[in-house]
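The block underneath contains the structure these notes are about, expressed in structure tokens.
Scope of the values below: all heavy atoms of this structure, side chains included, with no hydrogens, waters or symmetry mates. Only a predicted model underlies this, so the values are computations on that prediction, with no experimental measurement involved.
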Amino acid sequence: MKEHTLSNISSKVHSLTEEGIQLAKSKMFKEAKEKFLQAEKLDPRFVGAKIQLIKVYQAQGYDMTALFICGKAIDVATNPKSRCRIFNLSGQICMDLFEANPSKKSFEQAIKFFGNARSSNVKDILPVWNLVLINILAHTNKFQNTDKVQYFEKAKQHFRTLLDLARDEKSNSERYLPDIISEAEKTLTILNDEWWDSQIFELKQCKVRQFDPYEANTLQKNSPEKWTLAIVLLSVMVVPLLIGAKHKINEEEDPSASQPVKFAQTTMTHDWGDIENTTVSKYTLDA
């Protein structure tokens with residue numbers, strides 16, 4: 001079963017997904033979820049609706065439900081960018097679980113998903129940044145009786161790759177680099193390591209190129225091609241982490257349980273309109 005993208009989604013599915021995105025931006029997650037569920041029901045092949053569902057459950061703290069939908073989405077996704085994003089979201093969920101309750105299983109699952117995202121042959125900077133974060137978390141959390149230096153060194157290796165992608169015009173660094181720099185300053189400078197300070201400085205020197213506003217809903221300056229300002233990026237949403245909890249789809253309890261102290265937020269801003277097949281300029285009805 002091949003996924004539906006861009007011009008081959010129906011007007012109704014497109015409308016429902018766009019309505020859900022706007023509701024999610026307003027933090028009306030219950031209402032947004034209903035829109036995405038309706039879109040998914042109308043067109044099970046439309047991966048964009050599934051990805052938005054993953055995000056809305058994750059934003060509510062329903063990690064296990066979000067992870068379950070990741071599995072459903074990856075079964076349908078055939079586009080490399082879609083697969084990369086689904087694997088990256090899966091890794092983020094496992095990283096959230098690891099941060100809340102450090103364990104070898106959640107760590108290894110996060111590494112695996114981020115690795116799968118990297119192997120999708122898409123120059124996506126997010127899974128690389130997440131690989132930096134998960135190894136820093138492993139270094140600072142004693143979840144195993146092993147030498148923590150290995151995680152510190154792996155984090156450095158991934159950061160070098162991050163710098164390469166940040167300078168690559170074919171990557172999506174123009175979209176996420178400002179947020180990554182902001183997170184790097186929060187999470188890495190407190191390590192009091194001159195190497196990290198110098199690398200963050202190098203990251204700041206990377207130029208953010210102009211891009212097509214139809215490709216992402218992110219605030220940018222006008223480009224030479226007469227594009228106007230794109231939609232303002234959604235403000236940071238902190239994903240609540242629930243230790244060992246499995247949430248059912250219909251549960252509506254408050255997910256804001258007390259959290260263990262962590263050195264910084266490790267989940268990137270939810271970019272509710274970041275799926276290409278939900279930000280199209282036009283679409284056609286399915287046959």
Any sub-3.5 Å donor-acceptor pair from [X]'s side-chain atoms to [Y]'s backbone N or O?
X	Y	result
Lys50	Arg45	no
Thr17	Val13	yes
Ser120	Asn116	yes
Asn88	Cys84	no
Asn172	Arg175	no

Counting C-beta onward and ignoring hydrogens, is there a side-chain heavy-atom pair between [X] and [Y] closer than 4.5 Å?
X	Y	value
Trp196	Glu194	no
Glu202	Arg167	yes
Leu177	Cys206	yes
Cys70	Ile93	yes
Leu203	Phe159	yes

If every non-hydrogen atom of Gln109 is compared with every non-hydrogen atom of Cys94, which pair is closest and at what distance?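 Closest approach of Gln109 to Cys94: CB-SG, 3.7 Å.
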For the residue pair Tyr151 and Ala138, what are the closest heavy atoms and their distance?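 Distance-wise, the nearest heavy atoms are CG-CB, 3.7 Å.
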Working note: Leu188 + Asp193, criterion side-chain contact (heavy atoms from CB on, under 4.5 Å); need CA distance, chi angles, decisive distance, verdict. CA-CA 8 Å; Leu188 302 179; Asp193 188 299; over 6 Å; no
Identify which one of Ile74, Ile51, Leu126, Ile69 satisfies the side-chain contact (heavy atoms from CB on, under 4.5 Å) criterion when paired with Leu89.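 For Leu89, the side-chain contact (heavy atoms from CB on, under 4.5 Å) check succeeds only for Ile51.
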